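Presented below is the structure to which this report refers.
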Amino acid sequence: MPLTRTQRPLYEVKAGLFKGLSHPFRIRILELLSAAEELSVAELQAETGLEASHLSQHLAVLRRHRLVASERRASHVYYRLAGPKVAELLAVARALLLDVLSSDRDLLADAHALPALPAR
């Protein structure tokens, strides 16, 4: 059954959310933000080890897909998750990852060693 004219834009927005999640560093950035109220660009750079230009590109994708929000204060920019549902999505994705990896003990052990996600 094809998508209707009114359904298509909704599915495009939904696909955009997944595009925002489609890079390992973007997922890591979101996980870092889920563990803190907010983080500055400098803090995110220190935690990810990304060059400033690469971090900026990833943050732009996350902003474009409305997964994070930013605020400039003086000469610093701070980021936070756009809402608690983003943290919930990360937690569900982590649970799904553990289910998928349950047949591979080595990968499962590595997954259990990932930094903890905060409960919200």
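Numbers for residues simply follow the sequence, beginning at 1. Just so you know, these numbers come straight off a predicted model, no measurement behind them.
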Shared hydrophobic cluster, [X] / [Y] (ILVMFWY, side-chain heavy atoms < 4.5 Å):
| X | Y | answer |
| --- | --- | --- |
| L17 | I29 | yes |
| L62 | L55 | yes |
| L21 | L33 | yes |
| L39 | Y78 | no |
| L3 | F18 | no |

Any side-chain to backbone donor/acceptor pair from [X] onto [Y]? Under 3.5 Å, distance only.
| X | Y | value |
| --- | --- | --- |
| H65 | L67 | no |
| S56 | A52 | no |
| R26 | G20 | yes |
| E47 | L44 | no |

Any heavy-atom pair between the side chains of [Y] and [X] that's under 4.5 Å?
| X | Y | answer |
| --- | --- | --- |
| L97 | L114 | yes |
| Y79 | R63 | yes |
| R73 | H76 | no |
| L117 | E31 | yes |
| R28 | P115 | yes |
| V86 | S34 | no |

Quiz item: F25 and T48: which non-hydrogen atoms are nearest, and at how many Å?
Solution: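 That closest heavy-atom pairing would be CE2-O, 3.7 Å.
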Exercise. Go through L50 and H58 one step at a time and tell me if the side-chain contact (heavy atoms from CB on, under 4.5 Å) criterion holds.
Key: CA-CA 10 Å; L50 287 169; H58 287 301; 3.9 Å; yes
Exercise. Quick one: do E43 and L32 satisfy side-chain contact (heavy atoms from CB on, under 4.5 Å)? Show the steps, please.
Key: CA-CA 10 Å; E43 291 168 320; L32 289 167; over 6 Å; no
Practice problem: Answer yes or no: does atom CD of E12 have more than 12 heavy-atom neighbours from other residues, nucleotides or ligands under 6.0 Å? | Solution: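 Result for CD/E12: enclosed.
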